[in-house]
2 protein chains.
Amino acid sequence: MKSQAAPECQRCAFREFSLFKNCQHEELEGMNENKCFHTYKKGQVIFHEGNRPFGLFCVFDGKVKISRLNSDGKEHIIRLAKPGDTLGYRSLIENAKYTASAVALDDTQACFLPASDFNHLIDSNVKVANDLMKMLAKALGDSQERMIHLAMKPVRERLAEALLLLRSTYQKKDESAPFSISISREDLAAIVGTAKETVIRFLSEFKEDGIVTSHGSTITIVKPDRLLKISQLYD
Amino acid sequence: MKSQAAPECQRCAFREFSLFKNCQHEELEGMNENKCFHTYKKGQVIFHEGNRPFGLFCVFDGKVKISRLNSDGKEHIIRLAKPGDTLGYRSLIENAKYTASAVALDDTQACFLPASDFNHLIDSNVKVANDLMKMLAKALGDSQERMIHLAMKPVRERLAEALLLLRSTYQKKDESAPFSISISREDLAAIVGTAKETVIRFLSEFKEDGIVTSHGSTITIVKPDRLLKISQLYD
DNA sequence: TTCAAAAAATGATATAAATCACTTTCTAGA
DNA sequence: TCTAGAAAGTGATTTATATCATTTTTTGAA
């Protein structure tokens with residue numbers, strides 16, 4: 001983790017899609033005062049399960065996984081974060097320790113806003129508080145959706161879904177080229193909730209069917225519509 | 001569904017444990033004006049997946065399951081509700097259709113507060129809005145916890161956990177007698193995320209070990225501490 | 001109290017996916 | 001560009017759990 005001059009919130013390209021979209025200009029200026037900016041190398045831990053949160057992270061660049069480990073060392077990825085996404089807000093609201101860890105999937109940069117500023121912001125700006133409420137509601141819906149799929153869908157369908165999730169999360173806007181992402185089979189398995197060998201096997205099947213291609217750990221989605229059909233087989 | 005005179009919120013025994021614990025006396029009086037009171041027979045649908053929410057339900061008596069069905073008719077229970085619990089708040093906040101159905105597990109009574117009153121309440125009372133935020137955060141944490149367990153724990157452990165969940169949800173306070181509940185093996189399977197035959201088999205194992213007893217569909221938890229150990233085998 | 005339908009229980013079998021053991025292919029640093 | 005370690009890929013085997021078929025028990029209404 002490295003610290004350096006932070007980009008200004010007012011000029012941040014992701015602000016209008018973030019929790020801070022309804023902040024006043026003065027509020028943003030205040031935040032700039034106290035926030036700090038960190039960079040993380042691929043694989044570095046941003047925060048760790050069991051630790052106390054001291055503030056809110058906001059991803060500026062890169063990809064982040066939020067995941068939990070069990071005692072066997074098996075990992076499950078709860079969600080993925082992209083630039084503009086906030087990390088750790090649930091623990092801050094509950095005023096409780098992190099129940100999951102955040103790890104950079106790529107070289108990542110993130111701003112850090114102290115808890116006191118975060119709390120002050122949501123106490124003083126009703127719009128932001130409302131947006132946060134909506135964010136929580138959305139996250140809850142997403143989580144329940146994933147729970148249901150984990151309980152009811154076979155691995156092949158969940159893998160198709162995971163690939164589409166990666167695409168919808170990380171595909172750059174107005175990018176017409178097929179979506180590519182570099183992700184280890186192990187991380188993919190931890191999203192799907194299965195073993196990496198199983199991911200590899202179904203991925204090979206998708207490759208045979210011309211739905212995806214891969215070179216090393218880079219996967220390219222050639223036919224997303226086919227993945228959508230596969231993911232919805234039993235909906 | 002049957003309507004009759006509603007109990008007054010001011011005097012409701014569950015209010016202090018509910019979303020309305022921080023309501024002003026006048027607010028409660030206003031709510032009494034517009035709310036209505038419904039009774040549901042065991043098995044009756046309170047609201048249905050796909051429908052639009054018109055207000056908030058607050059359970060007054062009975063047990064409710066919130067669940068989703070897939071196209072095969074397989075059911076998964078997302079959560080359980082008890083007296084004092086609110087139903088449908090997530091859909092109201094997101095202003096979206098119900099993504100799950102609520103069904104009475106016992107004869108149930110519930111109050112219904114129109115959406116406009118609910119929205120007005122959270123817009124006008126910051127404390128209630130904050131409590132709602134905390135409720136969402138807690139629900140999100142619970143949901144993620146269940147997701148993780150579904151992905152990582154075998155059925156036997158999840159069954160032990162489900163039995164403890166039933167106990168912690170529905171055991172009356174200051175009740176020292178062993179906890180008993182009447183629940184179909186099918187519903188239990190839908191909580192655990194498995195087949196009913198599998199539930200029956202592990203339940204028989206628990207019975208052989210003297211951890212639970214059962215008569216028909218009534219299950220009694222004799223040794224909750226043993227269930228706790230079983231549920232935590234791989235934590 | 002009886003009886004039929006529903007639910008629980010049990011056994012046999014099938015199947016999806018995990019695990020283990022190994023080979024091949026990448027990839028990043030010297 | 002070479003090379004060692006990591007990751008991808010493959011095959012064989014095991015295991016947990018689902019499914020199917022059937023019997024037994026419970027339940028609630030006549």
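Below, chains carry the letters A, B, ... as their sequence lines are ordered, and counting in each starts from 1. Just the heavy atoms: all of them, side chains too, but no hydrogens, waters or symmetry mates, feed the values below.
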J.: Is the closest basic N to carboxylate O distance between B/D142 and B/R79 below 4.0 Å?
T.: no
J.: Which is more 5' along DNA chain C, the nucleotide nearest A/H215 or the one nearest A/F202? Just name the residue.
T.: A/F202
J.: Under 3.5 Å, side chain of B/R158 to main-chain N/O of B/G193, donor-acceptor pair present?
T.: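 Yes; at least one donor-acceptor contact below 3.5 Å.
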J.: Is it true that B/S67 and B/E75 share a donor-acceptor pair across their side chains at a distance under 3.5 Å?
T.: yes
J.: Under the criterion salt bridge (charged side-chain N to carboxylate O under 4.0 Å, His left out), I'd like the reasoning laid out for B/E197 against B/R185: C-alpha separation, chi angles, the key distance, then a yes or no.
T.: CA-CA 8 Å; B/E197 294 92 332; B/R185 303 295 186 263; over 6 Å; no
J.: When rounded to the nearest 0.5 angstrom, what distance separates CG in B/N32 from SG in B/C9?
T.: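 If I round to the nearest 0.5 Å, the distance is 4.5 Å.
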J.: Between A/K63 and A/D106, is there a side-chain N and carboxylate O pair less than 4.0 Å apart?
T.: yes
J.: Where along residues 61-79 of chain A does a heavy atom fall under 4.0 Å from DNA chain C?
T.: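 Listed by number, there are none.
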J.: State whether A/F112 and A/K35 meet the cation-pi test: NZ (Lys) or CZ (Arg) under 6.0 Å from the six-membered ring centroid, and within 45° of the perpendicular axis.
T.: no
J.: Check A/K82 against A/V59 and note the closest heavy-atom contact, atom names and distance.
T.: O-CB, 3.5 Å
J.: Near DNA chain C, counting only heavy atoms under 4.0 Å, which residues of residues 159-166 of chain B show up?
T.: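 Per residue number, the list is empty: none.
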J.: Which is the 5'-most and which the 3'-most nucleotide of DNA chain D that has an atom under 4.0 Å from a heavy atom of chain A?
T.: D/dA8 to D/dA12
J.: State whether the number of non-hydrogen atoms from other residues, nucleotides or ligands found under 6.0 Å of B/E186 atom CD is greater than 12.
T.: no
J.: Output one letter per nucleotide in nucleotides 5-16 of chain C: B when a protein non-hydrogen atom lies under 4.0 Å from the base, S when only the sugar-phosphate is that close, - when neither is.
T.: ---SBBBB----
J.: Could you tell me whether B/K207 atom NZ has more than 12 heavy atoms of other residues or ligands within 6.0 Å of it?
T.: yes
J.: Between A/Y40 and A/V64, does a side chain to side chain contact (heavy atoms under 4.5 Å, CB included) hold up when you go through it step by step?
T.: CA-CA 10 Å; A/Y40 305 87; A/V64 178; over 6 Å; no
J.: Do other residues, nucleotides or ligands put more than 12 heavy atoms under 6.0 Å from the CD atom of A/Q232?
T.: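 Count over threshold, so yes.
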J.: B/F202 and B/L159: which non-hydrogen atoms are nearest, and at how many Å?
T.: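 The answer is CB-CD2, 3.5 Å.
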J.: Using ring-ring contact (aromatic ring centres under 6.0 Å, His included) as the criterion, list what pairs up with A/F60, not counting sequence neighbours.
T.: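 Here the qualifying residues are A/F37.
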J.: Check this for me, if you would: do B/R90 and B/E94 make a salt bridge, where the nitrogen-to-carboxylate-oxygen distance has to be below 4.0 angstrom?
T.: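 Yes.
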J.: Just how large is the angle between the end axes of the helix from C/dT1-D/dA30 to C/dA30-D/dT1, five pairs per end, to 10 degrees?
T.: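 For the helix from C/dT1-D/dA30 to C/dA30-D/dT1, the axes at either end differ by 50°.
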